[in-house]
Visitor: 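Handing you a structure now.
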There are 2 protein chains.
Amino acid sequence: MRGLGDGLMQKPLTVAEQVANVLRESIAEGSLAAGTPLRQDDLAERFGFSRMPVRDALRQLEGEGIVSIHPTEGARVARMDAAEIREIFAVRALLEGEALRLSVPKLGNEELDEAGYVLNQIDAEPNVGRWGSLNRAFHLALYSACGSARLLGLIEAHHNAADRNVRVLLSNVNYRSRSQAEHRDLLTTCRHRDAEAAVRVLRKHLSDRMETLAKAGDGLAGKS
Amino acid sequence: MRGLGDGLMQKPLTVAEQVANVLRESIAEGSLAAGTPLRQDDLAERFGFSRMPVRDALRQLEGEGIVSIHPTEGARVARMDAAEIREIFAVRALLEGEALRLSVPKLGNEELDEAGYVLNQIDAEPNVGRWGSLNRAFHLALYSACGSARLLGLIEAHHNAADRNVRVLLSNVNYRSRSQAEHRDLLTTCRHRDAEAAVRVLRKHLSDRMETLAKAGDGLAGKS
DNA sequence: CCTGGGATACTCGTATACGAGAATCCACAT
DNA sequence: ATGTGGATTCTCGTATACGAGTATCCCAGG
């Protein structure tokens with residue numbers, strides 16, 4: 001859970017955080033496959049910094065569940081099998097369902113329009129790499145009125161954790177169009193301020209996407 | 001969320017983790033009040049180590065939401081007002097409710113007996129400081145069969161985050177006896193393998209404890 | 001040819017050292 | 001007396017250096 005309450009606080013961007021961001025993106029993008037050893041020396045040399053910021057970044061990513069660290073053994077990109085993907089999506093369904101339930105009654109047109117704008121951006125975005133963060137932005141916009149920064153932080157962390165698994169399927173046009181259709185359904189339901197219906201749509205959306213992921217992505221996450 | 005899946009993995013205990021444990025315990029115990037600045041130099045000197053392990057420990061605790069770090073400003077014990085306490089308990093109710101629902105059907109007598117044993121330990125434990133970890137052990141024992149290491153990790157993290165707020169009320173005999181009574185109710189329901197009833201008991205337990213905490217602990221967490 | 005032991009190399013954890021930025025405090029001028 | 005400016009101090013972030021543990025690889029012996 002990275003920075004439970006960030007988003008508003010103006011922190012001087014430190015090198016360690018930049019490294020963490022790049023690593024997170026590289027892992028999400030897929031250029032760093034699951035199980036890849038992350039040597040501190042190598043990374044330090046690649047980035048042109050010393051090992052200290054790299055250490056901090058790895059610690060941070062460990063907290064997000066993206067890498068796993070063993071003191072003597074070093075850090076590796078966290079493995080993620082089908083069971084793990086199901087776990088993440090189950091937690092997401094739980095957290096996001098609750099966040100949506102709390103948020104919908106308090107949603108203003110401002111947030112709804114923002115969500116709709118993001119949806120259009122997704123349709124117009126040719127670069128697959130940016131789809132993950134846009135997807136996250138859409139969901140968080142709908143939850144933003146839930147009133148619990150902690151809940152939002154957990155949700156964001158789990159989006160990050162699952163990002164790399166989502167992206168591998170984005171080249172599949174079917175996945176993208178179905179996902180977008182479900183997104184628009186969800187937004188419409190939210191516009192009607194029907195919280196329970198929205199939660200049902202969301203849970204089905206997550207459940208369907210998860211099944212697709214777990215089936216298709218079973219082997220590609222890499223095995224030991 | 002510290003070590004999503006620890007508990008079984010045998011890691012060489014590093015100095016940084018020891019420091020983190022001591023700090024976590026000190027914060028939970030209350031000797032480090034909310035808002036207290038945590039100077040790296042001071043802590044390093046107190047523990048007899050250099051600043052590096054302290055830095056790592058602080059990073060880790062930040063990930064757990066126990067301390068907040070600002071790059072130039074340093075680290076402080078995270079503030080926690082009544083609203084934050086309610087957030088934590090709301091998340092706990094959500095996570096633990098689901099974990100219990102998943103776990104109850106698969107619970108063996110082994111885990112149930114373990115939970116009962118822990119309850120007796122709580123009654124027999126004179127040292128208030130150990131009540132927090134025993135309480136956590138009881139709850140986790142009931143959830144242990146849920147099948148999701150991720151869920152258990154999140155639950156553990158939120159127990160740690162709320163620990164210090166729980167402990168301040170333990171000197172109150174009423175709180176302790178009522179909590180124990182609710183615990184025994186919960187255990188009995190679990191023994192009957194009635195998942196939905198167990199979830200209802202748990203949610204009421206958490207809700208009641210939260211209300212007591214939020215009311216009583218409103219001012220004692222310290223203000224700026 | 002296979003196995004066991006020892007030395008080497010590698011990686012992490014920790015310590016020390018240096019530079020930058022911010023907050024504080026004091027002096028001076030108005 | 002009060003406000004402003006500058007210098008000092010304090011703290012963190014980052015770099016470099018050292019020590020310990022572990023895995024690996026090669027060579028000798030069976």
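Order of the sequence lines fixes the chain letters, A, B, ..., with proteins taken first and strands second; residue numbering starts at 1 for each chain.
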Visitor: Does atom CD of A:Glu110 have more than 12 heavy-atom neighbours, drawn from other residues, nucleotides or ligands, at distances under 6.0 Å?
Guide: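 It does not: A:Glu110 CD has 12 such atoms or fewer within range.
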Visitor: Mark yes or no: A:Arg92 above the aromatic ring of A:Phe89, with NZ or CZ under 6.0 Å from the six-membered ring centre and no more than 45 degrees from the axis.
Guide: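 Geometry flag: set, cation within 6.0 Å and 45°.
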Visitor: Mind checking if A:Leu58 touches a base, just sugar-phosphate, or nothing, with heavy atoms under 4.0 Å?
Guide: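 Nothing, no nucleic acid heavy atom in range.
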Visitor: State which of D:dT22, C:dG13, D:dC12 makes the closest approach to the side chain of A:Thr72.
Guide: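 So the nucleotide nearest the side chain must be D:dT22.
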Visitor: Can you tell me the distance, in whole Å, between the CD atom of A:Glu73 and the P atom of D:dA23?
Guide: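 Answer to the nearest Å: 8 Å.
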Visitor: Is there a donor-acceptor contact under 3.5 Å linking the side chains of A:His158 and A:Glu64?
Guide: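 Looking only at side-chain atoms, A:Glu64 and A:His158 do not form any donor-acceptor pair under 3.5 Å.
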Visitor: Mind calculating the distance between CZ (B:Arg55) and P (C:dT16) to the nearest angstrom?
Guide: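 Spelled out: CZ on B:Arg55 to P on C:dT16 is 16 Å.
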Visitor: Would you mind telling me which of D:dG13, D:dT22, C:dT11 lies closest to the side-chain atoms of A:Asp41?
Guide: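 Out of D:dG13, D:dT22, C:dT11, the nucleotide with an atom closest to A:Asp41's side chain is C:dT11.
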Visitor: C:dT14 C1' sits how many Å from B:Glu17 CD, rounded?
Guide: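 Whole-Å distance recorded here is 14 Å.
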Visitor: Taking atom P of C:dT14 as reference, at what distance in whole Å does atom CG of B:Asp56 sit?
Guide: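 After rounding, the reported distance stands at 7 Å.
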Visitor: Provide, to the nearest angstrom, the distance between the CD atom belonging to B:Gln18 and the P atom belonging to C:dG13.
Guide: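 The answer, rounded to whole Å, is 13 Å.
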Visitor: In residues 42-52 of chain A, which ones come under 4.0 Å of DNA chain D, going by heavy atoms?
Guide: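 The answer is A:Phe49, A:Ser50, A:Met52.
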Visitor: Looking at every heavy atom in both A:Ala141 and A:Glu114, which two are closest together, and how far apart are they?
Guide: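 Nearest heavy atoms, A:Ala141 then A:Glu114: CB-CG, 4.3 Å.
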Visitor: Among C:dT14, D:dC12, D:dT14, find the nucleotide with the atom closest to the side chain of B:Arg39.
Guide: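 Closest nucleotide to the B:Arg39 side chain: D:dC12.
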Visitor: Do any side-chain nitrogens or oxygens of A:Gln40 fall under 4.0 Å of OP1 or OP2 in C:dG13?
Guide: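 Result: yes.
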Visitor: What's the shortest heavy-atom distance between B:Ala78 and B:Gly65, and which atoms?
Guide: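 What the structure gives for the nearest pair is CB-O, 3.7 Å.
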Visitor: Just to verify, what does B:Asp42 make a side chain to side chain contact (heavy atoms under 4.5 Å, CB included) with, not counting sequence neighbours?
Guide: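 With neighbours one apart ignored, the set is B:Arg39.
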